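First comes the structure, then the notes that go with it.
Keep in mind that this is a model prediction, so the values were computed, not measured.
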Amino acid sequence: MEPANLFTVLRRYWRLLAGCTVAALIVGFVLTPAGDAVDNGKWQCKVAITPVAGAADTVRADQVLSYAQGSAVTTAAAQKLHITDVASLSARRTVAAASTQMLVFTTTGPTQQSCADLAAALSEATITGYSQESKKSADESIKRLRAQADTQQQQLDDLQKQFSRANTTDQAKLQPQLSTATAALTKTLGAIADLQNYSQTDAIQQWGSIDAKELGGNLLTSPTRSVRLALAVVLGLALGVVAALMLSRMDTRLRTRDGAEEAFNLPVIGEIPLLSRRLRRLREPLVTARPEDPATEAYRSLRSTLLLTGPRALSAQLGQGGLDPDDRRARRAAEPAPVVLVMSGRSGDGRTTTVANLAATLAETGRQVLVLDCDFRQPGLRGHLGVGDGPGMAELLSGEQLPDPVDLIRRTNVPGVALITGGNTTAYPAALVLRAGEVLKLARRHADVVLIDSSPLLHANDAYDLVQHADAVLVTVMAGNLRPEEADRVSELLARTGVPVAGVALLGAEGTTGRRKRTLRPGRPPAKGSPAKASPAAKSTPSVPEPQRRTEPAPRVEPQRRPGEHQRPADPRPAAPGYGEAPDRRDGATSWGRRPAELPPEEPVETTLQLRLGEER
C-alpha cells in the first residue's frame, strides 16, 4: 500500500484510532501507580546460607527455610533498614533451597547499595533469629536433661549404697545394674555438654559474599508514570493502525475513482469532494450558498463535462441565443429540451443533492432548467430548492391534474431553475411512471434542460421505467456506500436499456493510485476513432469531437412504439466521443436529442415560463 493510500485509510478510520488510543491510555493510567514509582528491579543480589561446621547433623534445612520465609525475618530486616513498608520489602525478596545444606536469598532494588543492604539484612536476621531459636530450644533440652541426670544420679547413689552393704554373692548380682546406671548418667551428662556448646555458637552462617548484578530497565518497567502513559499511547495507536488496515482490507465498498470506473465500467466524469457537516446541513444548493467552495467548482466541472460530451441537444446550446426570448423560442422550436435522468444504485448516494447543484450550475450558463422530482418514495428536492408543499408529479402521472405541467411549475430560490415537486403520493409509486412519456414530452417545451430525480435503481423499479424516456443518464455514487457487485448490477441494467450513460459522478471522492486500463464489457464499445481507455474524467475540460470523426450506428432491432409517439429523423451530426456509440432506441440513428415533428404553440409556453421564473418579456 502506498503512503498516500495509507494516510487515506487512517483518515477514514480516525475514530477507531482515537478510540484505541484513549482505551490504551485509560488502561495504562489504571494499572500504573500514582506518581513516579521506583524501579526496584534494576539491581539483583544473591546471598547463600549454610550450617556452621559440625552443625550439619543438628540443623534441618526445612526448618531453616520455613523460618526464613516467615514474617519475623522480614520484620527484623525492615527494622534494621528503617523501612516501614514491610509488604513492599517482602515483594523484593525471595528465598529458596539451592541444596539440602544451602539456602539462597535473592533481593532486588533500585540501586546496588540498597539491593546489597537488603540481602545482608535478611541474611543477618535469618542467622541471628534462627540461632536464638536454636539456643532457646537447646536450653529447654538442657533443662530437661539435667532433671533426667539428677534422677539417674540418685538411682546410681542408691545402687552404690546397696553394693557396699551387700555380701559377695549380692554384689555380683548388683554389679550389672550399677554399670548400667553409671553409663546412662554419663550419656546424659555428655548430651548436656553438647547442647551447651551448641547454644553458645551460631547454628548457620553466611556462605561467601553477596553477588550483585545490574539487570537494567526498559520502558515496561519505567519508573515514571509519564513514560508509561506515553508507551500506552504508542501501543494504542499501533493497535488502531493494525485494526484500520484489517478493516480496510475487508471493506470492498467503492471509494476511489479507479474503483468506481472498474466496477461500473463507465468513466467518472465528476469527483465531488467530501463536504463538511456544516455544508451538508445547508438547505439550498451549495453552488448558490458557497460559490467559491472547491465542491462548487467540482459541480461546475461536472456540468462542463456533461455539456461538452453530452447530448447534442444540450451541448449545441453553448453560446447560442443568450437570454433573448425570441432566440430561445426559436431554439426550442427546432430542438426541444434534452432530458437528463440522475439516478443511483442505493439511497444515500447523493442523487438529490447532485440534481439540485447540477441544476444551479446549468442555470449559471443562462439556461432555464426544469427539475422533476420523480422520487415518489423519499422526495426531497423541494427542501433543497426552497419550495413548499403542493401538487406535483404524483398528481400529473396519476391523472388527477391536466396533462400540461405548466400549472404545477414552481419557482425556486435558484434563479433560472423551476421545479415540479413530487406531490402527494397516494397511489403505488410503480404505477405512476406509466404516463411519464407523455408528461416529459410536454415538459421539454417549458425549459432548456429537464433534470429528473428518481428512486434508487436497486431499491425500486421507478428509475428503470424512466430511463427509456431520457436522453442521457448520470449515475451518482457516494464513496463508501456501494459495493462492486451492486455497481455491476446497475451497469448491467443500464446496458440493457440502450440509453447513453453520461458517466458516474463520485461524491465524497478519495485519492487514487493512478489510472487503470479499463476493459469495456461486450455491447458497450468505445466510440470509433477514440482511444479505449480515454475518459472524460481524465481531463478537467474534455475535448470537443472533431467533425471528421463520424460513427456508423450499430444495427438494432426497432422497438415497438407507443400509440401517438412521433418518429424522430436521424441527426446527421457525429456522436460525442466521451460516451461511445449510443443507438437511438426508436429510429436506430446515433442521436442524443429528441425532435418531435409537432410542437405546441410557442407564445403561451414562453409567456408562462417567464411568469414562473420572474423574467421580463
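Side chains of Thr361 and Arg303: no donor on one and acceptor on the other come within 3.5 Å. No side-chain N or O of Asn265 forms a donor-acceptor pair with one of Ser491 less than 3.5 Å apart. Remark: the Thr365 side chain and the Arg367 side chain contain an N/O donor-acceptor pair separated by less than 3.5 Å.
Of the inter-residue distances, the one linking Leu385 atom CG with Arg410 atom CZ reads 11.5 Å to the nearest 0.5 angstrom. Of the inter-residue distances, the one linking Met393 atom CE with Leu381 atom CG reads 11.5 Å to the nearest 0.5 angstrom. Atom-to-atom distance recorded for Arg382:CZ and Thr412:OG1 is 14.5 Å, nearest 0.5 angstrom. To the nearest 0.5 Å, atom OG of residue Ser454 and atom CZ of residue Arg377 are 11.0 Å apart. From Arg346, atom CZ reaches atom CG of Leu482 across 6.5 Å, with rounding to the nearest 0.5 Å. Within the model, atoms OG1 of Thr288 and NE2 of His384 stand 11.5 Å from one another, a figure rounded to the nearest 0.5 Å.
Under the 4.5 Å side-chain criterion, counting only non-hydrogen atoms from C-beta, Pro285 is in contact with Val414. A 4.5 Å side-chain heavy-atom check between Asp293 and Leu279 finds at least one atom pair inside the cut-off. With contacts defined as side-chain heavy-atom distances shorter than 4.5 Å, the pair Leu372/Leu440 qualifies. Side-chain atoms of Val369 and Leu451, non-hydrogen and from C-beta on, do get closer than 4.5 Å to each other.
Checked against Ile409 for a side-chain contact (heavy atoms from CB on, under 4.5 Å), the options Ile420, Leu419, Val371 give a single hit: Ile420.
The two atoms that bring Ser455 and Asp375 nearest to each other are OG-OD1, 3.0 Å, heavy atoms only. Between Gly350 and Thr476 the shortest heavy-atom distance is C-OG1, 4.2 Å. Nearest heavy-atom pair, Leu282 versus Ala289, reported as atom, atom and distance to 0.1 Å: CD1-CB, 3.9 Å. In plain terms, the two heavy atoms of Ala463 and Leu457 that are nearest each other are CB-CD1, 4.2 Å. Of all the heavy atoms in Pro456 and Arg351, the pair that sits closest is CG-NH1, 3.9 Å. Closest of all the heavy-atom pairs between Leu16 and Gly240 is CD2-O, 4.2 Å.
At distances below 3.5 Å, at least one donor-acceptor pair connects side-chain atoms of Asp471 with backbone N or O atoms of Val339.
Arg290 meets the salt bridge (charged side-chain N to carboxylate O under 4.0 Å, His left out) test with no other residue; sequence neighbours excluded. In terms of the salt bridge (charged side-chain N to carboxylate O under 4.0 Å, His left out) criterion, Asp349 has no residue partners (sequence neighbours excluded).
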